[in-house]
Each structure stands twice: as structure tokens, then as C-alpha cells.
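Only one structure is covered here, and it is reproduced in the block below.
These numbers come from the heavy atoms of this one structure, side chains and all, not from hydrogens, waters or symmetry mates. We're numbering straight along the sequence, starting at 1. On a predicted model such as this, the values are computed, not experimentally measured, just so you know.
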Amino acid sequence: MTDNRLTDITSTCVSYRTGHHVHFIQARKSLLEGGQSPIAVSVAVHPDGLVGLHGEHLNNTMWTHDPERICHRRRDTDARGEWWPRYGVLSVNNFLFNLARVSERSACISRDEAVQTRNGLLRIGGGYIS
């Protein structure tokens, strides 16, 4: 099996790309914005970053850059959570996680790689990232 995490995970990842850290606006919209109720799911986390979400009429495989963090927040092996598909947010024991489609995996960005520019965007290798 290949490693779907793309890079070794350290506590220095600063990316808010899909599958990485939850941005506060993403969290606020998923929890407070009307029009979408969360879906109750069971959560299966794999060491390679794949996250299985299983619920009524739902059987998705997503990706996270830090599967150990989700495992740490689960209280048992049959973890339950709430899934907001519109924003890609999973809540497990009141902790939020940003999940990506498997096809949208991306490498972590360390603090050392990131350079703050005047316009507030992170600049990496000549390109801008969110």
C-alpha cells in the first residue's frame, strides 16, 4: 500500500488547504450557517491518512494530513462523528477536522517553507497558496 499522506507529518504544517487545518471561517460557516444539518457518521481512520465516513446513505473515503490527531481525539475504536459535506468538516468529540477528497491530497507546508508577503498570502516556490 502506498502512503497517501505525501509527506511526514510534523506539528509545523501551516497549510489550510483542504485536508489540512480547519480555518476559523470554515469552522464558523459549517457550525453556524443554516441550510445544512450535519450527518451522523462512524469514523474509521487509517495510518495512511484515509478516513472512512459511514452513515445513512453515506459511504465516503476522505483524506487528512494528520490521521494520528483524529485517532487521538477518538475515545474508542468505533468513533462517531458529525460530517458537514458542504465545508469538508468532520467533528469528532467536539474537535473539528478538515477533510479532503482522496484526489485532492496535498503536501504539508512547513513554517520554514512559508514566506509571508505584504498581501497576506503565503508564497511558496514562486506561486501563491491559500
Taking W84 for the side chain and S30 for the main chain, is one N or O donor matched with an acceptor at less than 3.5 Å? yes

Where A107 and R17 come nearest, the two heavy atoms and their spacing: O-NH1, 4.1 Å

Counting N and O atoms only, with roles assigned by atom type, does the side chain of H21 sit under 3.5 Å from a partner on the main chain of C13, one being a donor and the other an acceptor? yes

For the side chain of D48 and the backbone of L50, is there at least one donor-acceptor N/O pair under 3.5 Å apart? yes

Can you see which heavy atom on I39 is nearest to which on P85, and at what distance? CD1-CG, 4.0 Å

Do N98 and T18 have side chains that get closer than 4.5 Å, going by heavy atoms? yes

T61 vs V51, side-chain contact (heavy atoms from CB on, under 4.5 Å): CA-CA, chis, key distance, verdict: CA-CA 6 Å; T61 299; V51 179; over 6 Å; no

Please list, chain by chain and in numerical order, all residues satisfying ring pair (Phe, Tyr, Trp, His ring centres under 6.0 Å) with H46, sequence neighbours excluded. none

What one should report as the nearest heavy-atom pair of M62 and L53 is CG-CD1, 3.9 Å

Results of side chain to side chain contact (heavy atoms under 4.5 Å, CB included) for A27 - residues two or more places apart only: V22, L96

Verdict with reasoning, S15 to H65, per side-chain hydrogen bond (donor to acceptor under 3.5 Å, both in side chains): CA-CA 10 Å; S15 179; H65 78 131; over 6 Å; no

Could you tell me if the ring centre of H54 sits under 6.0 Å from that of W83? no

Within 6.0 Å of CG in N94, more than 12 heavy atoms from elsewhere: no

I want to check something: taking the side chain as every heavy atom from C-beta on, are L99 and I70 in contact at a cut-off of under 4.5 Å? yes

Would you say Q26's side chain and V89's backbone share a donor-acceptor pair under 3.5 angstrom? no

Within the 4.5 Å heavy-atom criterion, are F97 and V92 side-chain neighbours or not? yes

Check: W63 and E104 side chains under 4.5 Å, non-hydrogen atoms: no

